[in-house]
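Here the structure comes first, spelled out in structure tokens, and everything after it is commentary.
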Amino acid sequence: MEAICCAHCQQFFVPNPRIKNQRYCGHAACQRARKTLWQKQKLQVDSDYKTNQKDCQKQWRENHPDYWRNWRAEHPKYTERNRIQQQERNRQRTFKIAKMDVSKTENFIKSGCYFIIPEPFGSAIIAKMDASVQKVRLILDG
Ligand SMILES: [Zn+2]
């Protein structure tokens with residue numbers, strides 16, 4: 001049997017002839033990666049599986065109410081890093097919403113000639129959401 005490259009660790013390994021289309025070696029981390037990918041794909045295509053997983057997780061949380069509180073207390077570095085990353089995700093989401101609002105506004109603007117006047121002469125809701133966004137006011141010329 002010819003050695004192939006593991007899809008996770010990139011190390012060469014000899015696949016088990018009994019496993020068809022084996023792409024992951026036997027290391028625990030690689031098998032975990034394989035299972036994680038399988039589960040991710042399964043959740044996207046199988047709504048029964050997704051519902052079952054949600055119910056199981058809910059049941060587990062109810063049986064272990066202090067687990068995450070204790071885990072965060074024992075891992076302050078991770079907790080701080082996650083807090084910063086969450087703030088960044090929230091900022092990104094706010095920015096996306098701001099962009100969506102702009103595209104809605106554009107649909108109501110009629111075709112014609114416009115002056116683009118930079119802030120602070122104009123005003124825009126988007127300015128409150130993200131100061132780095134280019135602020136313009138559109139005035140119909142005519
Ligand atoms: Zn591997």
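Just so you know, ligand 1 is whichever comes first in the structure, and atom 1 is the first atom listed for that ligand.
- Ionic pairing of Arg91 and Glu88 is present here: one or more N-O contacts between side-chain nitrogen and carboxylate oxygen are shorter than 4.0 angstrom.
- Seen from the Zn ion (ligand 1), atom SG on Cys25 and atom SG on Cys30 lie at an angle near 100° (rounded to 10 degrees).
- For the Zn ion (ligand 1), the N/O/S atoms of His27 include none lying under 2.8 Å.
- Counted within 6.0 Å of NE2 on His75, heavy atoms from surrounding residues, nucleotides or ligands total more than 12; the atom is thus considered enclosed.
- At a threshold of 4.0 Å, the pair Asp55-Lys58 does not count as salt-bridged, since none of the basic side-chain nitrogens sits closer than that to a carboxylate oxygen.
- In summary, His8 places no N/O/S atom under 2.8 Å from the Zn ion (ligand 1), failing the contact criterion.
- Under the 6.0 Å cut-off for aromatic ring centres, Tyr78 and Trp68 do not qualify, their centroids lying 6.0 Å or more apart.
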